[in-house]
Amino acid sequence: QLNFTLLEIRELDVNYGGIKALKNINLKIDKGEVVTLIGANGAGKTTTLRAISKIVNPQSGDIIYSGRNITRRQTHELVKLGIAHCPEGRRVLARQTVYDNLLLGAYIRSNQAEIKADIQRQFELFPRLAQRRNQLAGTLSGGEQQMLAIARALMSKPQLLLLDEPSLGLAPAIVREIFSIIENLRATGVTILLVEQNANLALQIADRGYVLEAGAITLTGAASALISDERVKKAYLG
Ligand code: ATP
């Protein structure tokens, strides 16, 4: 499984009406990698994740996952194939308990015993959620809701996790906690495509990164190289 390409995006274009949100994107993720997409507001990071999980339809280009062309597959099929999307803004079900939100993440699965065991696994990974298993999700803190959103995405047993802005709007201490959980996740073998505005943090945990500017990839390389690249420093690392 050395250098097995899990996801490949080829010459992808996405338009919103007249707006060209993505222009000729090429990107590759090997199995087991953490790859980050960094860029300013509106650069097209979220759109890239949406195109992979087919929340938006590409104008042209191809998306290859595990050797299959998934460009024309629908979102629910992609979940079955092992792609989970943890969206920006968390979107947990506020009036449902933590436990029920997790159950919902397993909607494509049917083995109840395995689902229960996996919920226990999420509680080990996210001890704060275990303490609050019967609490309504809407009463959790922002950081806990982010943890729940990630745990819920993991309940579909993904091979590829698309993670959109997990640090958005959260205090530094909870951001550190979430990033250390992402590092633990990597150890379990999940491949991660991480979108972050906090380029510094993202590049610290990623293997490789891509820089998006106005819908196009302008720079790519090892995270360790990007973090010391003058252009990246100037534009994204403050
Ligand atoms: P952010 O971090 O703010 O989400 P981003 O890098 O993820 O930024 P996108 O959300 O992917 O950027 O947006 C890329 C471009 O597409 C922007 O110009 C944005 O205004 C535009 N856009 C995004 N969603 C829509 C939409 N539903 N309709 C029209 N234009 C959109």
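For ligands, and for the atoms within them, numbers begin at 1 and follow the listed sequence. Treat the numbers as computed from the prediction; the structure is a model and nothing was measured.
- With hydrogens and angles left out, the side-chain atoms of Y16 and T47 include a donor and acceptor closer than 3.5 Å.
- With hydrogens and angles left out, the side-chain atoms of N134 and T97 include no donor and acceptor closer than 3.5 Å.
- Residues R128 and E177 are paired through a salt bridge, judged by an N-O separation under 4.0 Å between the basic side chain and the carboxylate.
- The 4.0 Å heavy-atom shell around ligand 1 contains residues Y16, I19, A21, A40, N41, G42, A43, G44, K45, T46, T47, E88, E165, Q197, ordered by chain and number.
- Separating the CZ atom in R132 from the CD atom in Q145 is a distance of 11.5 Å, to the nearest 0.5 Å.
- Side-chain contact check for R50 versus H85: some heavy-atom pair is nearer than 4.5 Å.
- Salt bridge annotation for E230-K233: present, with a cationic side-chain nitrogen under 4.0 angstrom from a carboxylate oxygen.
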